[in-house]
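This report concerns only the one structure given below.
In the text below, chain A, chain B and the rest are named by the order of the sequence lines, each starting its count at 1. Because the structure is predicted, anything quoted here is derived from the model rather than measured.
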2 protein chains.
Amino acid sequence: MFMKANGKKLYEEVAGQIKHLIETKQLNSGDMLPSEEEMSKSIGVGRSTIREALRSLELIGLVETKRGRGTFVKTADVKAFNDILLDSIKLLDVDSYHVYEIDRLLEPNAARLLAQRAKDEHIEMLESILQKMDESLKSGGSGEVESLAFHKAIFSALDNPFLDIIFDLTKNVHQKDRKAIFNVTDRARKTYEEHYKIFEAIKSRDGAKAYRYMEKHLTKVGDVYDKIFSFKYSGEIDREEE
Amino acid sequence: MFMKANGKKLYEEVAGQIKHLIETKQLNSGDMLPSEEEMSKSIGVGRSTIREALRSLELIGLVETKRGRGTFVKTADVKAFNDILLDSIKLLDVDSYHVYEIDRLLEPNAARLLAQRAKDEHIEMLESILQKMDESLKSGGSGEVESLAFHKAIFSALDNPFLDIIFDLTKNVHQKDRKAIFNVTDRARKTYEEHYKIFEAIKSRDGAKAYRYMEKHLTKVGDVYDKIFSFKYSGEIDREEE
DNA sequence: TCCTATAACCTGTCTGACAAGCAGACAAGT
DNA sequence: ACTTGTCTGCTTGTCAGACAGGTTATAGGA
């Protein structure tokens with residue numbers, strides 16, 4: 001009821017306390033928190049303060065409040081984390097080029113690593129994605145979704161939640177530009193071919209080759225980027241590449 | 001006052017509306033939102049509902065509320081974004097190995113890229129960090145801070161805010177393990193030497209060499225990881241490497 | 001002109017109230 | 001024994017009103 005003075009707002013203090021309980025496992029996943037009124041009394045703050053604290057914890061996915069039942073400690077899963085992240089990153093004006101650069105740094109090595117440790121199921125997954133892309137292209141589709149899925153599958157197969165986060169992060173940012181790329185003549189078909197080569201390298205467990213083909217693929221994509229950007233700035237566009 | 005049925009809570013609805021205003025630039029960075037009471041009246045919900053909505057927006061760094069003044073649209077800067085992120089990621093139990101893997105995938109290429117485009121100031125920066133580490137080690141320090149700074153400097157020099165985010169993300173997670181690594185005999189001194197080689201490669205603009213040395217360095221670090229982990233699980237520790 | 005008191009706003013927090021969702025108990029009907 | 005309906009107590013969702021304590025602009029006095 002009194003210890004403040006630090007400039008912190010009360011509800012932040014309360015949220016911090018609850019968070020601490022969870023971090024130190026005094027409250028475990030699935031546990032029910034005391035009711036709002038109870039906490040209000042025991043901590044000595046108003047119910048509205050408790051509620052504001054709970055709202056912030058709910059937002060970061062730490063707890064879940066169910067009407068009529070109570071508030072429960074939630075398993076802080078990567079997905080929830082990701083959602084918040086994607087939500088806020090839209091507001092950052094990250095240059096699309098920066099995102100491309102991350103891909104450029106990361107994906108070749110990711111492909112190599114996957115080539116070294118891919119299981120059969122991963123290979124099958126990639127193959128089925130490629131097949132879908134082929135079908136999509138043949139039936140007049142853009143193939144964009146499948147292309148994205150291919151890259152995502154490589155990351156997912158590595159079974160590293162962090163990679164998934166980074167992927168979603170980057171994907172989300174250059175969504176617009178990705179569309180633009182697929183509008184360039186023949187890019188979709190060539191993407192398919194490049195993907196296929198990467199796939200073959202992974203399937204034959206040839207890490208070095210996977211790395212090289214991924215790098216080549218990204219270089220091509222980068223070229224298209226360059227053209228689109230120069231189009232943006234100079235008003236000219238060159239539709240054919242290489 | 002009645003049209004819900006979607007299960008969404010009112011304050012979520014309100015938060016969404018405000019967010020939309022900001023995303024569509026109807027409210028710009030720095031703008032002041034109407035007062036809570038005003039919004040309460042104009043939207044037709046209670047002030048507490050407005051407040052809960054604002055709390056969630058504040059948490060994701062969209063707005064900032066100042067007591068006695070009002071609520072303002074915040075500039076979504078990378079740093080703020082990062083803070084939020086770091087705050088929530090602690091709750092995820094990401095395996096330290098996953099983070100190491102990211103470094104492994106990313107840093108060699110980062111070193112190569114920097115070798116290709118480093119400016120003199122970057123070189124100087126790296127050199128000064130190395131010098132500080134040397135001094136620290138000679139005077140009995142752990143050199144841990146400087147080691148971290150070296151890696152961070154490489155990312156920073158690439159001038160890609162995304163990389164900084166990823167770096168902070170990973171750094172934050174395996175903070176504990178990093179300490180453990182530096183406790184292994186001679187690891188600090190060897191780290192210094194390995195860093196120095198990377199530095200020389202970057203200085204001489206030799207991308208391939210920078211890549212290789214960084215990879216070697218990380219492999220060594222990985223070996224230590226393995227030992228520490230096996231220590232954790234088997235109760236044995238091996239203090240000397242190679 | 002400069003300073004200060006103060007009014008007008010604003011957020012922070014508390015309290016009390018009521019609606020509405022949920023779960024378990026219990027009784028009634030089959 | 002099994003289903004069904006109702007009741008009751010608990011919990012969250014939302015609202016309205018009140019007051020404390022910052023912040024800012026300004027009117028009025030030195």
Side-chain angles (χ1 to χ4, degrees), chain A residues 1-19 21-22 27-74 80, chain B residues 1-19 21-22 27-74 80:
Chain A
M1 184 110 51
F2 27 73
M3 44 54 157
K4 280 175 276 186
N6 44 8
K8 239 187 191 170
K9 289 162 198 165
L10 241 188
Y11 74 87
E12 286 176 342
E13 185 70 33
V14 173
Q17 272 178 248
I18 300 175
K19 189 156 73 172
L21 289 182
I22 297 176
L27 282 173
N28 291 298
S29 181
D31 286 359
M32 179 178 167
L33 272 63
S35 77
E36 293 175 354
E37 200 173 349
E38 206 171 321
M39 296 178 92
S40 163
K41 265 184 226 155
S42 77
I43 304 187
V45 302
R47 199 183 140 209
S48 51
T49 302
I50 297 286
R51 277 187 69 78
E52 289 188 17
L54 289 180
R55 284 302 73 73
S56 54
L57 293 179
E58 190 173 27
L59 196 80
I60 62 176
L62 247 186
V63 302
E64 186 176 17
T65 295
K66 291 173 186 164
R67 179 177 197 164
R69 297 190 49 197
T71 302
F72 302 83
V73 178
K74 206 170 153 189
Chain B
M1 185 94 64
F2 28 75
M3 46 55 161
K4 276 176 273 184
N6 44 7
K8 236 186 189 171
K9 288 162 200 169
L10 243 186
Y11 74 87
E12 286 176 342
E13 186 69 33
V14 173
Q17 271 179 249
I18 300 174
K19 190 158 71 177
L21 289 181
I22 297 176
L27 281 173
N28 291 298
S29 181
D31 286 0
M32 179 177 165
L33 273 64
S35 76
E36 293 174 356
E37 201 174 345
E38 208 172 319
M39 297 179 92
S40 162
K41 266 184 222 154
S42 78
I43 302 186
V45 302
R47 199 183 143 212
S48 51
T49 302
I50 298 284
R51 277 185 69 78
E52 289 188 17
L54 289 180
R55 285 301 73 73
S56 55
L57 294 179
E58 190 172 28
L59 198 80
I60 62 176
L62 245 185
V63 302
E64 186 175 18
T65 296
K66 290 172 187 165
R67 178 174 198 163
R69 298 187 52 197
T71 301
F72 302 82
V73 178
K74 206 168 158 188

message: Both I50(A) and G68(A) contact DNA chain C. Which one's nearest nucleotide lies toward the 5' end?
response: I50(A)
T49(A) side chain near dC14(C) phosphate (N/O to OP1/OP2, under 4.0 Å): yes
- line: Between CG of L10(B) and C1' of dC18(C) the distance, given in whole Å, is 15 Å
query: Between dT12(D) atom P and Y11(B) atom OH, what is the distance in whole Å?
result: 12 Å
- prompt: Can you check the E52(A) CD to dG12(C) P distance for me, whole Å?
  reply: 8 Å
- request: Using only heavy-atom distances, determine whether the side chains of T65(B) and R55(B) contain a donor-acceptor pair under 3.5 Å.
  value: yes
message: How many whole angstroms separate atom CE of M39(B) from atom P of dC9(C)?
response: 19 Å
message: Expressed as a whole number of angstroms, how long is the span from R69(A):CZ to dT12(D):P?
response: 11 Å
- request: Remember a base hit wins even if backbone is also touched, and classify G46(B) as base, sugar-phosphate or nothing at under 4.0 Å, heavy atoms.
  value: sugar-phosphate
- prompt: Closest to the R55(B) side chain: dT12(D), dT11(C), dG12(C)?
  reply: dG12(C)
query: Taking OP1 and OP2 of dT12(D), is either one under 4.0 Å from a side-chain nitrogen or oxygen of T71(A)?
result: yes
Heavy-atom closest pair, residues S40(A) and G46(A): OG-C, 3.7 Å
message: Rounded to whole Å, how long is the line connecting atom CD of E37(A) with atom P of dC10(D)?
response: 10 Å
field: Among R67(A), K41(A), R47(A), the one residue meeting salt bridge (charged side-chain N to carboxylate O under 4.0 Å, His left out) with E36(A)
entry: R47(A)
query: Hey, is CD on Q17(B) packed in by over 12 heavy atoms from elsewhere, all under 6.0 Å?
result: yes
message: Applying a 4.0 Å non-hydrogen cut-off, can you work out what S40(B) is touching in the nucleic acid: base, sugar-phosphate, or nothing?
response: nothing
Atom-to-atom span, CZ of R67(B) to C1' of dC19(D) - whole angstrom: 11 Å
query: Which part of the nucleic acid, if any, lies within contact of S48(B), taking any heavy atom under 4.0 Å across all strands shown: a base, the sugar-phosphate backbone alone, or nothing?
result: base
- prompt: In whole Å, what is the span from the CZ atom of R51(A) to the P atom of dT11(D)?
  reply: 14 Å
I50(A) side, atom CD1; I43(A) side, atom CD1 - distance, nearest 0.5 Å: 4.0 Å
- request: Would you state whether a donor and an acceptor, one from the side chain of R47(B) and one from the base of dT14(D), lie under 3.5 Å apart?
  value: no
